[in-house]
Amino acid sequence: MRMRRLSRREALAGVAAGALAGGAATQLAGGSRSRASAPVRPFDGGRQAGIATPSQDHLTLAAFDLHTPDRSDVPRLLRDWTALVVALCGGTAPAVVDDTGERAGLDATGLTVTVGFGASLFDDRYGFAARRPAGLAAPLPGETSLDPRRGGGDLLVQVRGDDRQVVFHAVHQLTNAAMGIARRRWTQHGFLSRAAPGATPRNLFGFKDGIVNPDPDDAAALARHVWVPRGEPLGGGTYLVYRRVRMRLRAWDRAALEVQERAVGRRKASGGPLGGGGETAPLALAAAPVRSHVRLGHPDANGGVRILRRAYNYDDGATADGEQDAGMAFVCFAADPARQVAPMLARMLREDELHRYLTHTAGGLYAVPPAPRRGEHIGEELLS
Ligand code: HEM
């Protein structure tokens with residue numbers, strides 16, 4: 001396959017042109033709305049898209065390991081990816097590699113690409129050790145039992161969109177641009193379906209999932225819970241925590257409705273709290289069973305801490321023992337994973353009734369840099 005690498009000048013010209021294309025569009029607002037009516041700006045308000053952006057219908061997480069011996073290939077790849085992200089999200093043809101064509105005629109509205117860095121990028125191979133963001137240092141609970149081949153990685157791209165093939169195309173272009181520098185380590189696909197636009201999707205246990213989250217339009221809440229404060233090395237960025245969580249459907253399906261609802265702490269049909277009311281009714285902590293999932297995740301049980309969840313369902317066929325291999329590609333964003341995610345996760349793994357039906361099989365923690373400054377690539381400020 002013929003590939004053309006852009007010169008730095010061409011790549012940056014592409015960034016500028018794409019940024020203009022994106023500039024004409026508007027950023028989506030609203031909690032769980034999908035099906036954007038306009039392209040999402042890839043770099044808006046100094047942030048990468050795909051974080052506060054409402055969930056689209058499809059997700060692909062693709063992690064890459066660098067195998068180049070040449071340190072200068074790292075910024076080169078990130079420059080190419082930056083130009084690609086702008087082109088893909090702005091609706092223009094990718095300029096970094098030859099377009100492979102499968103997106104032609106498809107609606108790419110709402111596509112987002114988010115790039116993150118794993119802790120291994122900051123090992124001794126490329127001289128970035130001193131630049132490692134503080135949040136990557138802390139191990140997260142349960143890590144030792146995870147499959148390393150399905151998690152971790154030097155680089156992560158989170159691609160989300162409302163059309164499965166458009167998402168595939170974006171990952172395809174990013175993979176081609178990485179050829180000779182980085183190879184794919186693992187991939188996880190996910191999906192969400194809604195009964196109506198704006199409705200809360202259901203997870204594969206049949207419960208509404210994504211009801212309680214910081215409001216993406218509430219800048220103060222995002223500044224407090226999601227964005228790393230400006231002035232710190234990753235300032236304006238965030239951390240992405242990923243867990244591939246298998247749902248043990250055979251056991252769950254045998255559990256009575258009441259048992260399921262007490263494990264979650266919400267009604268299955270309506271999504272409302274067990275104490276009464278619809279899905280948006282406030283959850284009274286005292287009315288939620290002590291070991292219920294929502295109680296253990298609630299800010300009042302976590303010192304006011306909140307996380308921004310962007311989880312997707314996955315269906316990977318069957319396990320070797322013939323059980324369905326389906327569950328949740330759990331993704332959340334937090335400004336300080338050690339303070340926000342680690343204690344909550346530890347308690348859930350220990351006490352959560354819902355976790356009796358769950359197995360964490362893989363995962364990762366990634367630093368997500370802010371949007372690049374004009375003429376720079378994603379992560380340039382952090383890595384230089
Ligand atoms: C397969 C795995 C999981 C399933 C099926 C699941 C399911 C749910 C459901 C049904 C809700 C209630 C509806 C809602 O508020 O969206 C919920 C809420 C929540 N979950 Fe999970 N969850 C999973 C994994 C996790 C993990 C690993 C974490 C934390 C690291 C987490 C943190 C939370 C939080 C913070 C809430 C909101 C609690 C509140 O403030 O009411 N969940 N989850």
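In this text, all values refer to a predicted model and were calculated from it rather than measured experimentally. Just follow the structure's listing: the first ligand is 1, and inside any ligand the first atom is 1. We're numbering straight along the sequence, starting at 1. Every heavy atom of this structure was used, including side-chain atoms; hydrogens, water molecules and symmetry mates were not.
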Residue portion contacting ligand 1 (non-hydrogen atoms closer than 4.0 Å) for Leu345
side chain
For Val264, the ligand 1 atoms whose distance to one of its heavy atoms is below 4.0 Å
10 (C)
Could you tell me which atoms of ligand 1, counted from 1 in the order shown, lie closer than 4.0 angstrom to a heavy atom of Gly210?
14 (C), 16 (O)
Can you tell whether the side chains of Glu261 and Lys268 come within less than 4.0 Å, N to carboxylate O?
no
Out of Arg248, Lys208, Lys268, Arg266, indicate the one that has the non-hydrogen atom closest to atom 10 (C) of ligand 1.
Lys208
Is the shortest distance from a Lys or Arg side-chain nitrogen in Arg160 or Asp57 to a carboxylate oxygen in the other one below 4.0 Å?
no
Looking at Arg150 and Asp316, is any side-chain nitrogen of the basic one under 4.0 Å from a carboxylate oxygen of the acidic one?
yes
Any N or O of Leu358 closer than 3.5 Å to N or O of ligand 1:
no
What atoms of ligand 1 come closer than 4.0 angstrom to any heavy atom of Met247?
1 (C), 5 (C)
Option passing side-chain contact (heavy atoms from CB on, under 4.5 Å) with Val40 (candidates Thr109, Thr112, Leu111):
Thr112
At under 4.0 Å between heavy atoms, is it the side chain or the backbone of Arg306 that contacts ligand 1, or both, or neither?
neither
Between Arg295 and Asp300 (salt bridge meaning N to carboxylate O under 4.0 Å), is one present in this structure?
no
Less than 6.0 Å separating the ring centroids of Phe64 and Trp81?
yes
As a test of understanding, state which of Asp147, Asp325, Leu146 forms a side-chain contact (heavy atoms from CB on, under 4.5 Å) with Arg244.
Asp325
Does a side-chain N-to-carboxylate-O contact under 4.0 Å join Arg291 and Glu353?
yes
Run the numbers for me: atoms of ligand 1, each under 4.0 Å from some heavy atom of Asn203, listed by number.
5 (C), 7 (C), 10 (C)
Show which atoms of ligand 1 fall inside a sub-4.0 Å distance from at least one heavy-atom site of Pro299.
40 (O)
Output the list of atoms in ligand 1 that are nearer than 4.0 Å to some heavy atom of Met344, sorted by atom number.
29 (C), 35 (C)
Polar protein atoms near atom 21 (Fe) of ligand 1 [N, O or S; cut-off under 2.8 Å]:
His293 NE2
Residues Arg373, Glu381: salt bridge by 4.0 Å N-O rule:
yes
Six-ring centre of Trp227, Arg47 cation under 6.0 angstrom, axis tolerance 45°
yes
